[in-house]
Amino acid sequence: MADLSFVHTHAPGDPARAPLLLLHGTGGNEHDLVPLVPEIAPGRGYVSPRGKVLENGMPRFFRRLSEGVFDEADVRARADELAGFVVEMREAYGLAAPVAVGFSNGANIAAALMWRHPGVFAGAVLWRAMTPLREAPAGGLEATPVLIVSGAMDPIVPAADVGNLALRLREAGAAVTHETLPVGHGLTRPDLDLARDFLATTA
Ligand code: MLT
C-alpha cells in the first residue's frame with residue numbers, strides 16, 4: 001500500500017470501470033466492506049480507508065455528539081480531509097474518480113463530501129444514510145448518480161431525515177434513486193442486489 005494520509009487497503013481492477021471508495025460504518029475498519037465487492041461490482045478495483053475518529057475505540061469518519069446528532073464543524077473538516085485523500089489515492093494508484101459505497105457513518109461522510117466537493121465522486125451508493133449537514137449542499141452534482149437505500153424499521157435513521165437527504169441531493173443536481181426496504185439498520189441481501197443493479201449502469 002502507498003503511504004497516504006489515511007490507513008487504507010487497495011486492490012486494482014478493470015481500468016475501464018471507476019474504482020469504488022469503500023466507507024465503513026462505526027466500529028468498522030478498512031477491511032469490512034471488501035468482501036462485498038465481488039457481489040456488488042465484480043472486477044472493479046477499490047480503495048478502502050479507515051476512519052480516523054475514535055469513539056470509545058471505534059473508528060468513525062467524523063465526531064458525533066450523540067447517536068444521530070453530528071458535530072457539524074467536524075463533519076465539514078473531515079469531509080474536506082477525505083476529499084484530499086481521494087486526490088492523493090487517485091494520483092498514487094492512477095485511478096479515475098471513484099464511486100463511493102458507504103454504510104451508515106461511511107454513507108454519511110460520503111454525503112458530506114458530495115455537499116462540499118461535487119465532482120469528487122462519479123456516483124455513490126449510500127446504505128442507511130442521513131442528512132450530514134444543516135446547510136444546503138454547494139450544488140454541481142449534475143453528473144452524479146446516487147442510490148440511497150434506507151430501512152423502514154431503522155431505529156437510527158428517521159424517514160424524514162433520509163427524505164431530506166434525497167431532496168437536498170436532487171436540488172444540488174444529483175440523479176437520486178431512493179429505495180426503502182422493510183428492514184432495520186443492518187445490511188441485507190436486497191441492499192446488495194440494489195447496489196449491484198445500480199453499479200452495473202454506473203461509470
Ligand atoms: C452516524 O453517526 O454517522 C450515524 O449515527 C450512523 C452510525 O454511525 O451509527
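Atoms within a ligand are numbered from 1 in the order they appear, just like the ligands themselves. These numbers were taken from a predicted model, which means no experiment stands behind them.
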TODO: Tell me, please, which residues at least two apart from T180 pass side-chain hydrogen bond (donor to acceptor under 3.5 Å, both in side chains).
DONE: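 Checked T180 against side-chain hydrogen bond (donor to acceptor under 3.5 Å, both in side chains); zero matches.
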
TODO: Please list, chain by chain and in numerical order, all residues satisfying side-chain hydrogen bond (donor to acceptor under 3.5 Å, both in side chains) with E67, sequence neighbours excluded.
DONE: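 Once residues adjacent in sequence are excluded, E67 has no partner under the side-chain hydrogen bond (donor to acceptor under 3.5 Å, both in side chains) criterion.
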
TODO: Flag this pair as yes if the NZ/CZ of R60 is under 6.0 angstrom from the six-membered ring centre of F62 and inside a 45 degree cone about the axis; otherwise no.
DONE: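 So R60 does make the cation-pi contact.
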
Does ligand 1 have any N/O atom under 3.5 Å from a protein N/O, and what are those pairs and their distances?
from	atom 1	to	atom 2	distance (Å)
ligand 1	2 (O)	R60	NH1	2.9
ligand 1	2 (O)	R60	NH2	2.9
ligand 1	2 (O)	R64	NH1	3.3
ligand 1	3 (O)	N105	ND2	2.9
ligand 1	3 (O)	N108	ND2	2.8
ligand 1	5 (O)	R64	NH1	3.3
ligand 1	8 (O)	T26	OG1	2.5
ligand 1	8 (O)	R60	NH1	3.2
ligand 1	9 (O)	R64	NH1	3.3

TODO: Tell me, please, which residues at least two apart from A136 pass side chain to side chain contact (heavy atoms under 4.5 Å, CB included).
DONE: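 Only R168 meet the side chain to side chain contact (heavy atoms under 4.5 Å, CB included) criterion with A136.
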
Open item on the list: Could you check whether atom CD of E91 has more than 12 heavy atoms from other residues, nucleotides or ligands sitting under 6.0 Å from it?
Closed with: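 Open: at most 12 neighbouring heavy atoms sit under 6.0 Å from CD of E91.
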
Task: Identified side-chain contact (heavy atoms from CB on, under 4.5 Å) partner of P49 from the options V7, L82, V86, L4 - done: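 Considering V7, L82, V86, L4, a side-chain contact (heavy atoms from CB on, under 4.5 Å) with P49 is found only for L82.
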
